[in-house]
Structure formats: C-alpha cells, structure tokens
Amino acid sequence: MSKRVLLTGAMGFVGSHMLHRLLASTDYDIVCPVTLRHHGNSDRIAHLLAEHPEWRQRVTTFLFDLACPIPATTPIGRIDYILNIASESHVDRSIAEPVPFVRNNVELILNVLEYAREARPELMLHMGTDEEYGPAYGDYKHREWDTVVPSNPYSASKAAQSALCTAYWRTYGLPVVLTRTMNLISPSQSGEKFVPMTIRKILAGETVTVHASPEGVPGSRHWIDARDFADAWLFLMDRPATPYPDAVEPDMWHIVGEERSNLEIAQILAGVLGKPLKYELVSFHESRPGHDLRYALDGTKLAQAGWTPSRPLEETLADIVDWYVDRPVWLAA
C-alpha cells in the first residue's frame, strides 16, 4: 500500500514545490487541505497537474482553513507523514496587524498537532524560520537549539509554533522533526517578496529599496531555492524521529543556502536581466521596526548527514529570472 502524506500549504509558494518533489520522486498519495485566504494560488497546483496529468489520481485537495479544528469528516484518511508548511509568513503584515496574524499561526499549529495526536503518523516535519533566533551579529551563524529571541510578531508566532511542536513531542510522543531555513526563492513566489519585487522594479526602471545599517552596510541573508528545500525534506523523511526521552529536545535541522547581501542579490538580478540597477539604501529599523540587519544559520549538521543544495546561487537566480520574464503576470505585487 502506498504511503499517504498530509501536506499543508500546498497552494503556497513553498508547499507547491514540496508537492512537485513528492510527486516526481515518490509513489506517495498526497492529501492537501487548501485555502486562498493566505496568499494561496490555485494555479500553482493546476499548472503542475496540467503538465503531469498522470499525477492527478495521487493528489486529493479539499477546501479547508487550518485555523479551524480538523473534523473527522475530512477526506484525509490514513496518514503516514504530516508535512506542515502552511503559515502566514509576511513580516510587514505581522507588524501592521499582529493579533490576527499571530492567532492564525498559533491556532493552525495547534489544530495540526491535535490531528497528529489522532493520526499517529510515522513522522511530522514542521517548517520553522531563522528569524526565530533573532539577529545574528558579526560573523556568527546560529546553530540548532540556540536561544530564541524573536524580533517581530511573525518570528514570535513561528517560535510559538516550534515550542508547541516540542511540547507535543515530549508530552504526547509525537514523532516531530523541526527544520529552520531562511529566504527561500524560486519560481512562482508572490510578487511582494524581495526577488520578484526586485525583478519587477529593475524591468520598470524603478528604484529598489535595500535595507542597510545607519552606516550604509546592506543587510544579508542566506538564500536557498525552494526546490532544494523540498529535496532536503525528502531526505529527512527517510530518517526516523528521535523520541523522548532518548533526547532532551526533538530533532532539528537547518536547511541553509549561500549568504549574500540584499544589494548583491539585486546586482545579480540586474546583471541577468541586462538592465541598470537603481537602488536606495534605507535604515533597516527606521523603515521597518522589528526588522533585523542580518540573519544566519549554520548548516553543518545537515551537510555532515549527507545533504547540500544542488547548484550555486547564481544559477538559481538566473533560472528564476528566466521564469518570471516568461510569465510577467506573476510579478504583480
């Protein structure tokens, strides 16, 4: 009997790439609760299944908002894996409207965990973020289980999700594995995010805002292809979760790409497009309170286990530019 996967966030940017990877690399059946309330886009799944009609029978989608308890009448059925990607993820929205934003992310993870208590899957993977740790100063890169000091409502809500997963791992014996990653990029990302927004502004001859320190040092991040993230999760699905009390905390893995400043990313994109870059350095905190100049994760643990990204960042960015140039409608904010 084929394995069955409950995949949340499948109409989202990262979740759709995870769906593609599962369908292309396994014979698993995938069940996807979907909603359009949180920047989901049904075209992400529709285009995928139109290109690969042979996959249709392996995908079950149903309209459901995970901020509500999951009733027994859903078509989920028996589940072997739970892959939780769904969450509100836009920092600016979390700052503008913190209460509904945080409430959504906390209620969502509680409902998924409560479902997991009943379903008892072999493994539950939960997607976290580098921002749970707060800023990384100097050349420091956060290691798994460093102290969590979130800077804004978004990162605080993700830290709360990780804490609840940890509590359910310990209290109820759920086979939870946590991952943290940062600045995912790939085709089909929403136009509000930095890479597609920068492509749009370069093509239009507009000025790109680049967050920097008051002294003019651009902020930096580690950047990774969402398709590589999906590949890393497939790699981790083959590893059993360490149960409590065999460990004092659940397994955690950092999925890490290459570090570049925001300005370097904009310069690479302009170079691929063959257009000049107009940019303005803006103080990172004055323009967005709760924003941090640098985040960084140490990816040594996962690399030593045998997984690394598939190609250099410059190749990924060139591929992304080509995709958006061919599909300009996706650049709309």
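It should be emphasised that the depicted structure is a prediction, and the values quoted were computed from it without experimental measurement. Just so you know, residue 1 is the first one in the sequence shown, and it goes up from there.
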Next item on the list: Work out which heavy atom in Asn105 is nearest to a heavy atom in Gln161; give both atom names and the distance.
Entry: O-NE2, 2.9 Å
Notebook entry, point to check: Is there a donor-acceptor pair under 3.5 Å between the side chain of Asp146 and the backbone N or O of Arg143?
Noted result: yes
Check: Judged by atom type as modelled, is there a donor-acceptor pair below 3.5 Å linking the side chain of Trp223 to the main-chain atoms of Arg260?
Finding: yes
Next item on the list: Please report the closest heavy-atom contact between Pro187 and Ile320, naming both atoms and the distance.
Entry: CD-CG1, 3.9 Å
Notebook entry, point to check: How are the rings of His254 and Tyr133 set relative to one another: parallel (under 30°), tilted (30 to 60°) or perpendicular (over 60°)?
Noted result: perpendicular
Checklist line | Note, Leu234 side chain near Leu22 side chain (heavy atom, < 4.5 Å) | finding: yes
Checklist line | Cluster check Leu203, Val329: I/L/V/M/F/W/Y, side chain < 4.5 angstrom | finding: yes
Next item on the list: May I ask you to say whether Asp225 pairs ionically with Arg311, meaning some side-chain N is under 4.0 Å from a carboxylate O?
Entry: yes
Next item on the list: Sort out for me which residue in Ser151, Ser162, Pro150 forms a side-chain contact (heavy atoms from CB on, under 4.5 Å) with Glu132.
Entry: Ser162
Item checked: Any residue meeting side chain to side chain donor-acceptor pair (under 3.5 Å) with Asp231, in chain and number order, not counting sequence neighbours -> Arg21, Trp307
Note to self: Using side chain to side chain donor-acceptor pair (under 3.5 Å), reason through Gln189 and Tyr324 one step at a time and then give a plain yes or no.
What the structure shows: CA-CA 10 Å; Gln189 191 169 23; Tyr324 279 107; 4.9 Å; no
Note to self: Classify the ring geometry of Tyr168 against Tyr172: parallel below 30°, tilted from 30° to 60°, perpendicular beyond 60°.
What the structure shows: tilted
Check: Would you call Val34 and Ser42 a side-chain contact if the rule is heavy atoms closer than 4.5 Å?
Finding: no
Notebook entry, point to check: Which pair of non-hydrogen atoms, one from Ile45 and one from Ala10, has the smallest distance, and what is that distance?
Noted result: CG1-O, 3.7 Å
Notebook entry, point to check: Which heavy-atom pair separates Leu174 from Ala116 by the least distance, and what is that distance?
Noted result: CD2-O, 3.7 Å
Note to self: Surrounding CZ of Arg103 (heavy atoms of other residues, nucleotides or ligands, distance under 6.0 Å), is the total greater than 12?
What the structure shows: no
Checklist line | Partners meeting side chain to side chain contact (heavy atoms under 4.5 Å, CB included) with Ser188 (sequence neighbours left out) | finding: Phe13, Ser16, His17, Arg44, Trp323, Trp330
Next item on the list: Kindly check if the number of other-residue, nucleotide or ligand heavy atoms within 6.0 Å of NZ (Lys201) is above 12?
Entry: yes
Next item on the list: Find out if a path of hydrophobic residues (ILVMFWY) with successive side-chain heavy-atom gaps under 4.5 Å connects Met197 to Val325.
Entry: yes
Margin query: I'd like to know whether Ile268 forms a side-chain contact (heavy atoms from CB on, under 4.5 Å) with Val321, so could you lay out the CA-CA distance, the side-chain angles of the two residues, the decisive distance to 0.1 Å, and finally the verdict.
Written below: CA-CA 10 Å; Ile268 293 170; Val321 167; over 6 Å; no
Notebook entry, point to check: Which pair of heavy atoms, one from Ala226 and one from Leu184, lies closest together, and at what distance?
Noted result: CA-CD2, 3.7 Å
Check: Would Glu215 and Ser213 count as a side chain to side chain donor-acceptor pair (under 3.5 Å) if you check the C-alpha gap in whole Å, the side-chain angles of each, and the deciding distance to 0.1 Å?
Finding: CA-CA 5 Å; Glu215 297 75 30; Ser213 71; 3.2 Å; yes
Check: Within the distance-only criterion (no hydrogens, no angle test), does the side chain of Thr8 pair as donor or acceptor with the backbone N or O of Ala86 below 3.5 angstrom?
Finding: yes
Notebook entry, point to check: Has Glu54 got more than 12 heavy atoms of other residues, nucleotides or ligands less than 6.0 Å from its CD?
Noted result: yes
Note to self: Assess whether a salt bridge exists between Lys158 and Glu131, defined as any Lys/Arg side-chain N lying under 4.0 Å from an Asp/Glu carboxylate O.
What the structure shows: no
Note to self: With a 4.5 Å cut-off on side-chain heavy atoms, are Leu302 and Thr179 touching?
What the structure shows: no
Next item on the list: Measure the shortest side-chain to side-chain distance between Asn41 and Met11 over non-hydrogen atoms and say whether it is less than 4.5 angstrom.
Entry: no
Margin query: Same cluster or not: Trp145 versus Leu297, using hydrophobic residues (I, L, V, M, F, W, Y) connected whenever any side-chain heavy atoms lie under 4.5 Å apart?
Written below: yes
Notebook entry, point to check: Are the charged groups of Lys301 and Glu144 less than 4.0 angstrom apart, N to O?
Noted result: no
Note to self: Which residues pass the side chain to side chain donor-acceptor pair (under 3.5 Å) test with Asp322, not counting sequence neighbours?
What the structure shows: none
Next item on the list: Answer yes or no: is there a donor N or O on one side and an acceptor on the other, between the side chain of Asp251 and the main chain of Ala241, under 3.5 Å?
Entry: no
Item checked: N-O pairing of Asp319 and Arg227 below 4.0 Å -> yes
Notebook entry, point to check: With a 4.5 Å limit on heavy-atom distance, are the side chains of Ile30 and Trp55 in contact?
Noted result: no
Check: Sub-3.5 Å donor-acceptor pair from the side chain of Arg4 to the main-chain atoms of Val31, do we have one?
Finding: no
Listing, residues 121-128 side-chain donor-acceptor contacts under 3.5 Å, not counting sequence neighbours, or none:
{"unit_1": "Glu122", "atom_1": "OE1", "unit_2": "Lys3", "atom_2": "NZ", "d": "3.4"}
{"unit_1": "Glu122", "atom_1": "OE2", "unit_2": "Lys3", "atom_2": "NZ", "d": "2.4"}
{"unit_1": "His126", "atom_1": "ND1", "unit_2": "Asn84", "atom_2": "ND2", "d": "3.1"}

Next item on the list: Find out whether Tyr115 and Leu66 are in side-chain contact, i.e. whether some heavy atom of one side chain is under 4.5 Å from a heavy atom of the other.
Entry: no
Next item on the list: Please assess Lys193 against Ser89 for the test side-chain contact (heavy atoms from CB on, under 4.5 Å), listing each intermediate value before the final yes or no.
Entry: CA-CA 10 Å; Lys193 298 296 186 178; Ser89 63; 3.9 Å; yes
Margin query: Looking at Glu315 and Pro312, would you say the former's side chain and the latter's main chain have a donor-acceptor pair under 3.5 Å?
Written below: no
Checklist line | Enclosure of Asp326 CG (heavy-atom neighbours >12, cutoff 6.0 Å) | finding: yes
Check: When clusters are formed by joining ILVMFWY residues with side-chain heavy atoms under 4.5 Å apart, either directly or through shared neighbours, do Tyr137 and Leu293 land in the same one?
Finding: no
Item checked: Non-neighbouring partners of Arg294 that pass side chain to side chain donor-acceptor pair (under 3.5 Å), sequence neighbours left out -> Glu259
Check: Thr207 side chain to Glu280 main-chain N or O, any donor-acceptor pair under 3.5 Å?
Finding: no
Check: Tell me, do Ile265 and Asn183 make a side-chain contact under 4.5 Å, heavy atoms counted?
Finding: no
Note to self: Show the nearest heavy-atom pair for residues Ile202 and Pro276, with the distance to one decimal.
What the structure shows: CG2-O, 4.0 Å
Next item on the list: Applying side-chain contact (heavy atoms from CB on, under 4.5 Å), run through Thr129 and Tyr154 and close with a yes or a no.
Entry: CA-CA 10 Å; Thr129 173; Tyr154 160 64; 3.6 Å; yes
Note to self: Heavy-atom count check: over 12 atoms from other residues, nucleotides or ligands less than 6.0 Å from Glu206 CD?
What the structure shows: yes
Next item on the list: Check the surroundings of atom NZ in Lys275: do more than 12 heavy atoms from other residues, nucleotides or ligands lie under 6.0 Å from it?
Entry: no
Notebook entry, point to check: Does Ala46 offer a backbone N or O that forms a donor-acceptor pair with the side chain of Asp43 under 3.5 Å?
Noted result: no
Margin query: Walk me through whether Arg93 and Glu192 qualify under side-chain contact (heavy atoms from CB on, under 4.5 Å).
Written below: CA-CA 11 Å; Arg93 284 202 302 274; Glu192 67 188 4; 3.2 Å; yes
Notebook entry, point to check: Judged by atom type as modelled, is there a donor-acceptor pair below 3.5 Å linking the side chain of Asp130 to the main-chain atoms of Ala296?
Noted result: no
Margin query: Just to verify, what does Ser310 make a side chain to side chain donor-acceptor pair (under 3.5 Å) with, not counting sequence neighbours?
Written below: Asp228
Notebook entry, point to check: Heavy-atom distance under 4.5 Å between the side chains of Ile95 and Pro153, does that happen here?
Noted result: yes
Next item on the list: Kindly work out whether a path of hydrophobic side-chain contacts (I/L/V/M/F/W/Y, heavy atoms less than 4.5 Å apart) joins Met182 to Tyr140.
Entry: no
Notebook entry, point to check: Hey, is the main chain of Asp27 close enough, under 3.5 Å, to the side chain of Ser2 for a donor-acceptor pair?
Noted result: yes
Check: Taking atom types as modelled and ignoring hydrogens, do the side chains of Ser157 and Glu88 form a donor-acceptor contact shorter than 3.5 angstrom?
Finding: no
